[in-house]
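This report refers to the structure that appears directly beneath it.
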Amino acid sequence: MKSWAVASVLMLCISGAQAKGAFDDGQDAIEYRQAAFGLIKENFADMAAMLKKKKPMDKQVFIERAQHLALLAPIPFNGFHVRGADDGSTDALPEIWTHRSEFDAIANKFQQATTALAVASKEDDLKALGKAFGAVGKNCKGCHDQFKAE
Ligand code: HEC
C-alpha cells in the first residue's frame, strides 16, 4: 500500500474521534489524566486490601498489580502539559503550574517508589513490602495535599 493510502486508512480509523485529542486539547488532557489516576487507584487499593488482610494475599496477583502500577505511574503526567489543561472540570490546583518543579519532583519520586514496590513485591519480606508500599502512598498523599482540591 502506498504511504498516502496507509495514512488515509489510519485517518478513517480515528475519524469517529475528534482530530484533537488528549495531547492537543485541554479538556481531553484532563480526562486522560483522570482516567489514568483511576486505574492507578484500582491497582493501589487492591494491594492495600491484601496488605491489610481485607482479602487473602495472592503473591502472583500482588506482583501483577505492582507491575501495572509502575507502568501506569508516568501516564497521568502527560496530561498536565497541554495548553488549557489547567482550566476545566478538574481538581488540579493552579499551584501545579506556578510550582512546576515541586510538582514534577513528587511525580518523579512517585514513579521511583512504584518501581521499588514492583521489585519488593517479588521478595518474601513482608516488612520490606509494607515499607515500599507506604513510600508510594506517601507520594499520593503528599501530592494531593499540595496540588489537588479536596
Ligand atoms: C505528583 C502528584 C500526584 C501523585 C504522585 C498522585 N496524584 Fe492522584 N491526582 C493528582 C492530581 C493533580 C489530581 C487531579 C487531576 C484532575 O482532576 O485533573 C489527582 C487525581 C486523582 C484521583 C481522581 C481521578 C478522577 O477520576 O478525577 C485519584 C483516584 C487519584 N488521584 C489517586 C492517586 C493515587 C492512589 C496515587 C498514588 C498511588 C496518586 N493519585 C498519586 C496528583 C497526584
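Both ligands and their constituent atoms are indexed starting at 1 by order of listing.
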Need the ligand 1 atom indices (1-based, order shown) with element for anything under 4.0 Å from a heavy-atom of [X].
X: Asp91; result: 16 (C), 17 (O)
X: Phe44; result: 38 (C)
X: Phe103; result: 1 (C), 2 (C)
X: Ala107; result: 1 (C)

Could you find the nearest protein heavy atom to [atom] and give me its residue, atom name and distance?
atom: atom 22 (C) of ligand 1; result: Phe37 CB, 3.7 Å
atom: atom 41 (C) of ligand 1; result: Cys140 CA, 3.6 Å
atom: atom 18 (O) of ligand 1; result: Thr90 OG1, 2.6 Å
atom: atom 23 (C) of ligand 1; result: Lys148 CE, 4.2 Å
atom: atom 15 (C) of ligand 1; result: Arg33 NE, 4.0 Å

Worksheet item: Hey, is ligand 1 close enough to Gln34 that some N/O pair sits below 3.5 Å?
Response: yes
Worksheet item: Is Asn139 close to ligand 1, meaning an N/O of one under 3.5 Å from an N/O of the other?
Response: no
Discussion item. Could you check whether atom NZ of Lys148 has more than 12 heavy atoms from other residues, nucleotides or ligands sitting under 6.0 Å from it?
Written reply: yes
Discussion item. Counting only heavy atoms from other residues, nucleotides and ligands, does the tally under 6.0 Å from NZ of Lys59 exceed 12?
Written reply: yes
Worksheet item: Which of these, Cys143, Ala149, Ala36, has its nearest heavy atom closest to atom 3 (C) of ligand 1?
Response: Cys143
Practice prompt. Could you name the option among Lys41, His144, Glu102, Gln146 that has the heavy atom nearest to atom 30 (C) of ligand 1?
Written response: His144
Please round to the nearest 0.5 Å and tell me the distance separating atom [atom1] of [X] and atom [atom2] of [Y].
X: Lys138; Y: Lys109; atom1: NZ; atom2: NZ; result: 7.0 Å
X: His81; Y: Trp97; atom1: NE2; atom2: CH2; result: 10.0 Å
X: Ser121; Y: Met47; atom1: OG; atom2: CE; result: 8.0 Å

Fill in: Validation row: Val82, Ile30 side chains within 4.5 angstrom (heavy atoms)
no
Discussion item. I want to check something: taking the side chain as every heavy atom from C-beta on, are His144 and Asp91 in contact at a cut-off of under 4.5 Å?
Written reply: no
Worksheet entry | Side-chain donor or acceptor of Glu64 paired with backbone N/O of Gln60 under 3.5 Å | no
Practice prompt. Could you tell me if any non-hydrogen atom of Ile96 lies under 4.0 Å from any atom of ligand 1?
Written response: yes
Practice prompt. Indicate the atoms forming the closest heavy-atom contact of Phe103 with Cys143, along with that distance.
Written response: CE1-SG, 3.7 Å
Worksheet entry | Minimum heavy-atom distance Phe133-Leu117, with the two atoms named | N-CD1, 3.7 Å
Worksheet item: Which bit of Ile40 gets closer than 4.0 Å to ligand 1, counting heavy atoms only: side chain, backbone, both or neither?
Response: side chain
Worksheet entry | Mode of Tyr32 contact toward ligand 1 - side chain, backbone, both, neither (heavy atoms, under 4.0 Å) | neither
